[in-house]
Each structure stands twice: as structure tokens, then as C-alpha cells.
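The structure under discussion appears below in the form of C-alpha cells.
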Amino acid sequence: AAKRAGGNSYALFEAHMDAGAAKQLGLQFDLRQAVAGGQLSLHYQPKFDSRRARLSGVEALLRWQHPLLGNIPPSQFIPLAERSGLINELGNWVIDEACRQMQAWQREGVRLRVAINLSVHQLRQEDLVSRIKQALQRHEVDASMLLCEITESAAMEDIKTTQQAFEGLSRIGVFLSIDDFGTGYSSLSYLRQLPARQLKIDRSFIHDLETSADARAVVDAVVRLAHALGLSVVAEGVETQGQCNILLQLDCDELQGFLFARPMPADELFAWASGHKPDAAIGFSP
Ligand code: C2E
Ligand code: MG
Ligand code: MG
Ligand code: MG
């Protein structure tokens with residue numbers, strides 16, 4: 001049909017592209033107002049220690065409630081923020097908000113480890129380490145309570161920057177984790193030099209665990225590699241009891257996914273964590 005319509009269809013295509021570009025531009029403009037406008041929030045998803053079957057911490061995930069368009073997923077606005085240079089502003093907000101929340105929970109008697117996600121652009125920020133240090137001090141939070149996740153592909157994109165930022169963060173006592181592991185191209189010798197504490201196996205491998213021998217072999221290999229390097233392993237995106245059982249068999253240290261809990265607002269997480277029976281969290285069914 002496109003061929004027959006000739007020039008007209010091209011015009012349509014172009015109009016469509018313009019609409020897309022215009023929408024992106026509009027969103028970019030709106031995102032600039034999001035921080036000041038109080039439209040951002042963090043949701044928290046629990047992670048579990050698989051041996052002790054209890055809550056081991058939470059991952060903070062950024063949410064944008066657009067005044068007209070409603071909830072916009074991070075898969076949409078994070079790349080936009082990275083392209084438009086807004087990511088450091090958003091990232092700085094996340095750092096401060098996560099520390100503020102940890103302090104608030106601590107005051108209510110709950111000490112929760114919080115993981116935040118960092119973009120590669122933030123690693124390039126000259127004052128990232130001092131910013132994080134200051135946020136921790138301002139909110140009287142121990143550095144060891146904070147974990148920073150960087151995706152494998154971002155970490156490998158600019159090895160020198162990653163190395164420097166990891167060393168700086170590690171020096172002040174913050175824990176580091178390589179996110180979405182298995183989807184990037186890690187140099188193993190390089191991985192060995194990074195002061196990371198943890199690997200998070202990408203959701204795609206977890207998703208296929210029950211149906212693909214390959215996925216199972218990859219997860220098995222990643223767990224062994226991590227343990228050999230002295231790192232702990234987290235599986236993200238655990239959705240079924242079957243996946244959970246396999247991960248326990250493969251000796252995965254921590255589990256995270258909809259099977260246990262979805263990301264939720266801070267007050268909900270608090271109520272959930274207070275009412276939550278530690279040993280009932282993970283059904284160990286052999
Ligand atoms: P991620 O860091 O790998 O986070 C895990 C994502 O998987 C989250 O999506 C979470 O809601 C989702 N998830 C958790 N359990 C399950 C499950 O069992 N099944 C399925 N299908 N999904 C599950 P979310 O919140 O949409 O975030 C997507 C990505 O956006 C994150 O992936 C992270 O890369 C990025 N992101 C989120 N918040 C931030 C942030 O504050 N800063 C930066 N730089 N990136 C962020
Ligand atoms: Mg993450
Ligand atoms: Mg991840
Ligand atoms: Mg992921």
C-alpha cells in the first residue's frame with residue numbers, strides 16, 4: 001500500500017515522525033518541571049535473602065506522575081533524561097530522597113538497606129562521590145546502608161569512568177552492584193578489578209529458567225563466577241515458584257520479583273515490612 005500511495009504515504013510518514021518528535025520535545029519540557037513540581041517519587045521493591053528467607057533490603061525505583069498523562073514508565077523518561085542532560089538533576093533528587101527516606105524509616109525503628117540506580121552520566125559527574133557522602137551525612141545514614149546499581153552495559157561503556165567512580169564510592173563505604181548482568185559484554189579480568197559487591201542477573205534469564213536449559217546454564221555459571229570472585233548474586237524478576245525453586249537450588253543469594261512483592265510507595269512498603277513475617281516470605285518447596 002505504501003508503494004502505491006507514493007508521495008502521500010511519505011508525507012504521512014513524515015507527519016507521524018514529527019508528531020513523535022513533538023511528543024518527545026513536549027515530554028522533555030515537562031520533565032524539566034517534574035522535580036520542582038513534586039511529580040517524582042520513589043517506589044520500593046523488597047529483596048530477600050534466600051538462605052534466611054527474610055527481607056534483605058529494597059530497590060528504589062523512580063516514578064513520574066505526569067499531571068496530564070499520568071504515570072510515565074522509567075523505560076520512557078530515563079532515556080529521555082539521559083539524552084537531554086536532565087539525568088544528573090533527576091539522579092541527585094533520587095540520591096537525596098532515598099537517604100531522606102532511610103532516615104525516616106530508621107526513626108520509626110526500621111533499618112532498611114536501599115539500592116538506587118545510577119546512570120553512566122552520573123558516574124561522570126565530578127562531584128558524585130561528595131554529593132552522595134553529603135546526602136548520607138545530612139540524613140545521618142550509614143554509608144553501608146546504601147547500595148548503588150549500575151547496569152553492566154553502562155559500566156562497560158566507559159571503563160575508566162566506572163573504575164574511578166566505583167573506587168570513590170567504595171572508599172566512602174557505599175556498596176556497589178552490577179545490574180542487568182548477562183546482557184552487556186563484561187571483560188572478566190576487568191570485572192575482577194571493580195570493587196563491586198554484587199551481581200544482579202538480568203530478568204531475561206530468570207524468565208526463561210523453567211523452559212530453557214541454556215538460561216539455566218547461564219544462571220548457574222553466573223552464580224559460580226560471582227561466588228568465585230567473592231560477590232553475592234541477586235536474581236531480579238522472579239515471577240513463579242518454579243523459578244524460585246531453581247534459583248534456590250543454584251545457590252542464588254538474594255531474590256527479587258513480583259512473586260514476592262511489587263515496587264510500592266514508601267508508606268505501603270513500611271506497612272508491608274512491619275506486618276511481614278520473615279520466614280513466610282519465601283516458600284521453600286523442594
Ligand atoms: P532495573 O534497575 O533493572 O529495575 C528492575 C525493573 O524490573 C523495575 O522496572 C521493576 O519494577 C521491574 N520488576 C521487578 N520485578 C519484576 C518481575 O517480577 N517481573 C517483571 N516483569 N518486572 C519486574 P521499572 O521500575 O519500570 O524500572 C525500569 C528500569 O528503569 C530500571 O531497571 C532501571 O534501569 C531504570 N530506573 C528506574 N529508576 C531509576 C533511577 O532512579 N535512576 C536511573 N538511572 N534509572 C532508573
Ligand atoms: Mg536496578
Ligand atoms: Mg536490573
Ligand atoms: Mg533490569
Side-chain angles (χ1 to χ4, degrees), residues 31 34-35 39-48 57-65 71-101 113-125 128 131-132 135 146-155 157 162 165 175-184 196-210 219 222 233-244 247 252 254-266 268-269 282:
L31 192 52
V35 177
Q39 296 162 19
L40 297 179
S41 66
L42 290 176
H43 281 196
Y44 299 87
Q45 185 180 32
K47 283 191 289 187
F48 298 88
V58 294
E59 178 175 6
L61 295 155
L62 190 54
R63 296 292 178 258
W64 178 20
Q65 185 70 34
N71 192 39
I72 305 200
S75 57
Q76 231 178 301
F77 72 81
I78 296 284
L80 184 69
E82 288 177 334
R83 279 200 303 277
S84 60
L86 284 167
I87 191 67
N88 285 345
E89 197 187 334
L90 293 195
N92 290 339
W93 184 85
V94 169
I95 291 164
D96 196 70
E97 175 61 13
C99 292
R100 190 199 61 74
Q101 189 59 65
R113 270 223 160 90
V114 176
I116 57 173
N117 292 281
L118 295 182
S119 149
V120 65
H121 299 269
Q122 287 176 272
L123 300 188
R124 290 193 195 111
Q125 216 179 341
L128 176 71
R131 218 171 240 289
I132 291 184
L146 184 70
L147 208 117
C148 292
E149 300 187 0
I150 294 103
T151 64
E152 182 190 21
S153 45
E157 192 181 306
T162 304
F175 284 27
L176 294 149
S177 173
I178 314 273
D179 204 353
D180 298 353
F181 190 78
T183 56
R197 297 272 189 145
Q198 181 180 79
L199 294 186
K200 286 189 92 171
I201 307 177
D202 191 59
R203 204 164 72 206
S204 56
F205 299 107
I206 311 306
H207 182 263
D208 296 340
L209 261 187
E210 290 168 285
V219 172
V222 170
V233 192
V234 186
E236 65 172 17
V238 183
E239 291 182 349
T240 71
Q241 187 64 51
Q243 292 164 356
C244 171
L247 289 161
C252 187
E254 286 177 71
L255 307 176
Q256 180 182 0
F258 295 170
L259 175 65
F260 311 109
R262 290 185 174 258
M264 47 193 137
E268 238 177 81
L269 188 276
I282 298 179

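The shown structure was predicted, so the numbers you read here are calculated from the model rather than taken from an experiment. Read the numbers this way: they start at 1 and go in the same order the structure lists the ligands and their atoms.
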In terms of its nearest heavy atom to atom 13 (N) of ligand 1, the top option of F260, F77, F258 is F258
What do you reckon, does H43 put a non-hydrogen atom under 4.0 Å from ligand 1? no
Using side-chain heavy atoms (C-beta onward) and a distance below 4.5 Å, is C244 in contact with V238? yes
Please find out if the Mg ion (ligand 2) and some N, O or S atom of N117 are separated by less than 2.8 Å. yes
A student checking ligand 1 against S119 at a 4.0 Å heavy-atom cut-off should list atoms 44 (N)
Checking side chain to side chain donor-acceptor pair (under 3.5 Å) between Q256 and each of E59, K47, R203, which is the one that passes? E59
Heteroatom test (N, O or S) for D179 near the Mg ion (ligand 3), limit 2.8 Å: yes
Does G237 have a non-hydrogen atom less than 4.0 Å from ligand 1? yes
Check whether any side-chain heavy atom of E97 lies under 4.5 Å from a side-chain heavy atom of V94, and answer yes or no. no
What N/O/S atom of E149 gets nearest to the Mg ion (ligand 2)? OE1
Kindly give the atom name of the N, O or S atom of E59 closest to the Mg ion (ligand 2). OE2
Smallest separation among heavy atoms of S177 and K200, with atom names: OG-CG, 3.7 Å
Can you tell me if D180 has an N, O or S atom under 2.8 Å away from the Mg ion (ligand 3)? yes
Is the closest heavy atom of E59 to ligand 1 under 4.0 Å? yes
